[in-house]
Amino acid sequence: MRRTVLITLDGLRRDQITAETTPNLVAFSRQAESFACYRTVFPSCTRVVSASIATGCFPARHELQGNSMVLAKNGVLVPHDAGRPDFLQHKRKVTGRSLAVPTLAERLSTVGGAVVFSNVSPGAAYAHDPDGYGHVYHRAGSFGPERVPAAEADELRIQPDLAGDRMMTERFIREVLFEGRPALGVLWLGDPDATQHNHPLGAAEYLEPLKQSDLRAREVMEAVRTLRAAGEGILLMIGSDHGHQTATEVIDIEHDLVAAGLKDSEISRDIVVSSNGT
Ligand SMILES: [Zn+2]
């Protein structure tokens with residue numbers, strides 16, 4: 001069977017891909033089809049992009065439109081963190097659906113299936129398959145079809161760091177590439193995003209996570225090469241969901257709205273502010 005493997009290096013900016021920082025990605029891009037005009041969706045947040053990768057749709061269509069979102073419940077605006085494990089389950093209860101369009105996991109459920117390993121926020125991981133058609137592995141809980149929880153021995157016990165990405169990649173290669181062989185395997189690394197949240201762009205602290213994430217990609221490339229040599233047809237795609245920028249100031253929109261007389265108080269529900277970043 002022909003199958004597809006997708007690796008996402010979360011938070012990898014295009015200009016971080018250089019011969020010095022990510023030699024394996026550079027080598028891969030020279031052999032592969034490289035999409036220089038590729039742009040992510042807006043807003044370019046992990047949870048939103050996860051849902052867009054899963055559905056092939058822009059945020060307005062799949063409805064996961066921010067890292068946090070406001071849902072109206074009984075006419076009252078309620079802010080939610082879309083990264084929480086139960087967000088899309090809650091959204092289904094309130095609006096009648098988790099995502100508004102089918103995911104790849106649903107489309108592939110009868111033709112080889114999908115398995116997702118993700119080391120970002122639970123909300124982003126579960127956006128790949130909120131209705132339980134395939135398998136999603138995440139440290140906050142792993143689920144199989146019909147969202148049946150994985151057996152205890154099968155849980156993904158990792159931290160959202162470089163060591164966690166390494167352990168997850170080992171499992172992905174063994175269980176998805178060599179054993180399960182689903183039509184779609186997704187490996188979504190938490191770095192270089194996780195490290196970059198704490199440092200300005202270009203900081204020396206970047207170099208190790210870039211190097212490590214590049215090595216994770218190489219490990220998958222090598223496994224795919226082995227499988228191809230044995231006759232398997234595998235489409236390997238490597239990409240990122242967004243880059244980062246250095247924030248030097250945070251604008252307190254709630255405070256400014258109240259000061260301008262447009263909102264009753266910072267905690268009032270007449271106008272609710274929904275942040276898309278940190
Ligand atoms: Zn991200």
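Ligands are counted one by one from 1 in listed order, and the atoms in each one are counted from 1 as well. When reading the values below, keep in mind they use all heavy atoms of this one structure, side chains included, and skip hydrogens, waters and symmetry mates.
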Query - the Zn ion (ligand 1) neighbourhood, protein N/O/S only, threshold under 2.8 Å - result: Asp10 OD1, Asp10 OD2, Thr46 OG1, Asp241 OD2, His242 NE2
Requested in this report: Kindly say whether Leu201 contributes a backbone atom to a donor-acceptor pair with the side chain of Thr246 at under 3.5 angstrom?
Outcome: yes
**Report entry** Under-4.0 Å salt bridge between Asp81 and Arg47
**Finding:** yes
Query raised in the report: Going by the angle between their ring planes, with limits at 30° and 60°, are His135 and Tyr137 parallel, tilted or perpendicular?
Result: parallel
Query raised in the report: Is the shortest distance from a Lys or Arg side-chain nitrogen in Asp154 or Arg171 to a carboxylate oxygen in the other one below 4.0 Å?
Result: yes
Requested in this report: Under the ring pair (Phe, Tyr, Trp, His ring centres under 6.0 Å) rule, collect the residues that match up with His138, sequence neighbours excluded.
Outcome: Tyr126
Query raised in the report: Short question: side chain of Gln196, backbone of Gly11 - any donor-acceptor pair under 3.5 Å?
Result: yes
